[in-house]
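Every chain is numbered from 1 and lettered A, B, ... according to where its sequence line falls, protein lines coming before strand lines. Below, all heavy atoms of this structure are taken into account, side chains as well, without hydrogens, waters or symmetry copies.
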Number of protein chains: 2
Amino acid sequence: MKKAGSCDLKTCFLCQFSIPEWIAAIGDHKQHLSYKKNETIFQEGSPVKGIYFLYDGKVKVHKQWGAEKELIVRFAQKGDILGHRGLGSGERLYTVSATALEDTTVCYTDLAFFEASLKVNPQLTLKLMQFYADELQEAERKMRNLVHMDVKSRLADALLDISRLHNDVQFTISRQDLAAFAGTTYETIYRNLQEFIQEKLIAVDGKSITILQEKKLKKYITL
Amino acid sequence: MKKAGSCDLKTCFLCQFSIPEWIAAIGDHKQHLSYKKNETIFQEGSPVKGIYFLYDGKVKVHKQWGAEKELIVRFAQKGDILGHRGLGSGERLYTVSATALEDTTVCYTDLAFFEASLKVNPQLTLKLMQFYADELQEAERKMRNLVHMDVKSRLADALLDISRLHNDVQFTISRQDLAAFAGTTYETIYRNLQEFIQEKLIAVDGKSITILQEKKLKKYITL
DNA sequence: ACAAAAATATGATCTAAATCATATTAAATC
DNA sequence: GATTTAATATGATTTAGATCATATTTTTGT
């Protein structure tokens with residue numbers, strides 16, 4: 001990680017929902033940081049010192065299990081807030097890790113300033129609350145999928161999810177990460193991807209995946 | 001469901017975190033409702049008209065899957081807020097159902113009034129946000145458990161969780177609900193409960209379960 | 001109080017998906 | 001640019017847990 005210039009004060013969640021008078025204060029407090037691919041931005045279990053906003057690049061938010069196993073909880077993109085899970089009523093520890101999937105720059109705010117921002121900007125608090133509600137809905141939907149859907153359906157869901165995020169039928173992701181996101185193993189993802197390719201629902205070229213028949217993929221989910 | 005008297009204006013989440021001047025307004029807007037055991041308070045997929053606060057009784061918050069299968073996301077208790085998952089940025093539909101596990105009374109507020117309350121009481125908004133953060137952490141922890149822990153460990157976790165909720169090593173729950181909470185089937189729960197009984201970690205009498213050795217149960221989780 | 005429905009108990013069977021094993025290829029690092 | 005490390009490919013084997021089947025007990029509605 002190294003420090004870099006400053007951000008445009010427009011893009012991130014914090015700037016977008018703060019009152020104009022507060023933006024200057026944000027400028028004073030924000031730090032611009034950059035991370036290389038595969039670098040850890042913060043680690044599950046370590047104390048929360050601040051909140052991050054993704055400025056450029058791609059980040060996975062994930063939980064570790066032992067040495068080998070992980071679960072990817074979310075992929076974050078430009079503008080997204082990172083580290084807000086630490087704001088609960090319990091101990092202030094990150095409950096997830098964040099790792100750069102490509103070279104990434106983020107804005108960083110220490111916790112005290114972020115909490116001050118919440119006090120000053122009711123709109124920000126409200127939006128953040130709404131964002132939590134959305135994430136909670138999604139987490140619980142995924143929980144249900146893990147319990148009641150088979151891997152192939154979960155893979156279909158994951159692919160559509162990632163496609164929606166990228167706003168493109170084509171995107172790039174490792175099988176490993178896909179497995180951690182769908183809540184299964186590499187081998188199982190490999191086999192089910194093969195099936196989707198055979199059925200011509202997707203096309204694959206290296207790490208690049210293209211969704212060919214969104215409709216049919218969707219049918220796997222409502223089963 | 002039938003309407004009943006009014007509540008004490010002290011217990012619920014809304015009253016607890018609103019400024020004193022607002023309490024009168026709450027009194028004017030709140031409705032006291034009562035539900036019999038097994039009655040549905042609200043149903044997944046139906047439009048959100050308001051927010052509920054559990055005043056007395058016990059409620060399960062759950063997602064349906066097809067006709068037979070469910071996943072219990074949370075057990076709610078006195079004071080707890082219900083229906084807040086519907087406050088996300090998307091369509092205002094309940095994403096879960098709430099069903100009374102015993103005779104229950106709740107306070108009800110229409111959505112407009114609740115949103116007004118949020119505007120008037122920054123403290124309430126902040127507390128609600130914190131509550132979301134906690135629930136999100138918990139949901140994601142459970143997701144990880146579903147992916148990486150076996151049923152026996154998840155059952156141990158569920159038992160400890162419920163015990164913590166009731167603030168008692170003894171509590172009452174159907175095997176069916178236990179299965180839906182641990183994300184597995186009745187039969188598997190039955191068998192694993194037997195094992196715990198054999199190992200003398202718990203004692204069971206009808207629907208009543210007593211945790212005998214909390215320490216040892218906990219060990220199952222950190223595996 | 002009684003019939004119908006739901007929950008529980010328990011064994012037998014089946015299967016999806018995890019694990020293991022081993023090449024091959026691609027990517028990062030010094 | 002060579003070497004270590006990580007990701008991918010693919011078959012074989014194992015296993016946890018779901019499903020099925022059926023009997024008994026407990027609840028609940030009328």
- Cation-pi check, B:K58 onto B:F75 ring (under 6.0 Å, within 45° of axis):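 No, B:K58 does not lie over the aromatic ring of B:F75.
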
In whole angstroms, how far is the [atom2] atom of [N] from the [atom1] atom of [X]?
| X | N | atom1 | atom2 | result |
| --- | --- | --- | --- | --- |
| A:E39 | C:dA28 | CD | P | 14 Å |
| B:Y220 | D:dA16 | OH | P | 13 Å |
| B:E68 | D:dT19 | CD | C1' | 13 Å |
| A:N38 | D:dT5 | CG | P | 16 Å |
| B:E195 | C:dA9 | CD | P | 15 Å |
| A:K37 | C:dT29 | NZ | P | 10 Å |
| A:L101 | C:dA27 | CG | C1' | 15 Å |
| B:I209 | C:dA7 | CD1 | C1' | 14 Å |

Any side-chain N or O of [X] under 4.0 Å from OP1/OP2 of [N]?
| X | N | answer |
| --- | --- | --- |
| A:Q176 | D:dA6 | no |
| B:K207 | C:dT8 | yes |
| B:Y186 | C:dA6 | no |

Heteroatom pairs (N/O) under 3.5 angstrom, protein to nucleotides 16-23 of chain C:
from: C:dA17; atom 1: OP1; to: A:V151; atom 2: N; distance (Å): 2.8
from: C:dA18; atom 1: OP1; to: A:T184; atom 2: OG1; distance (Å): 3.1
from: C:dA18; atom 1: OP2; to: A:T184; atom 2: OG1; distance (Å): 2.7
from: C:dA18; atom 1: OP2; to: A:T185; atom 2: OG1; distance (Å): 3.0
from: C:dA18; atom 1: OP2; to: A:T188; atom 2: OG1; distance (Å): 2.6
from: C:dT19; atom 1: OP1; to: A:K69; atom 2: NZ; distance (Å): 3.1
from: C:dT19; atom 1: O4; to: A:R191; atom 2: NH2; distance (Å): 3.3
from: C:dC20; atom 1: N4; to: A:E187; atom 2: OE2; distance (Å): 3.0

- Side-chain (B:R154) to main-chain (B:G183) donor-acceptor, under 3.5 angstrom: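 Pair found, side chain donor or acceptor close to backbone of B:G183.
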
- Would you mind telling me which of B:K216, B:K219, B:K152 makes a salt bridge (Lys or Arg N to Asp or Glu O under 4.0 Å) with B:E199?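 One option only clears the test, and that one is B:K152.
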
- Task: Under the side chain to side chain contact (heavy atoms under 4.5 Å, CB included) rule, collect the residues that match up with B:S97, sequence neighbours excluded.
- Result: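 For B:S97, the residues satisfying side chain to side chain contact (heavy atoms under 4.5 Å, CB included) (neighbours in sequence not counted) are B:Q43, B:E44, B:H62.
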
- Have B:T105 and B:D56 got a donor and an acceptor in their side chains that come within less than 3.5 Å?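 Result is no, nothing qualifies.
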
- Message: Once side chain to side chain donor-acceptor pair (under 3.5 Å) is applied, what residue pairs with a partner in residues 200-211 of chain B remain, sequence neighbours excluded?
- Response: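 Those involving residues 200-211 of chain B are B:Q170-B:S208.
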
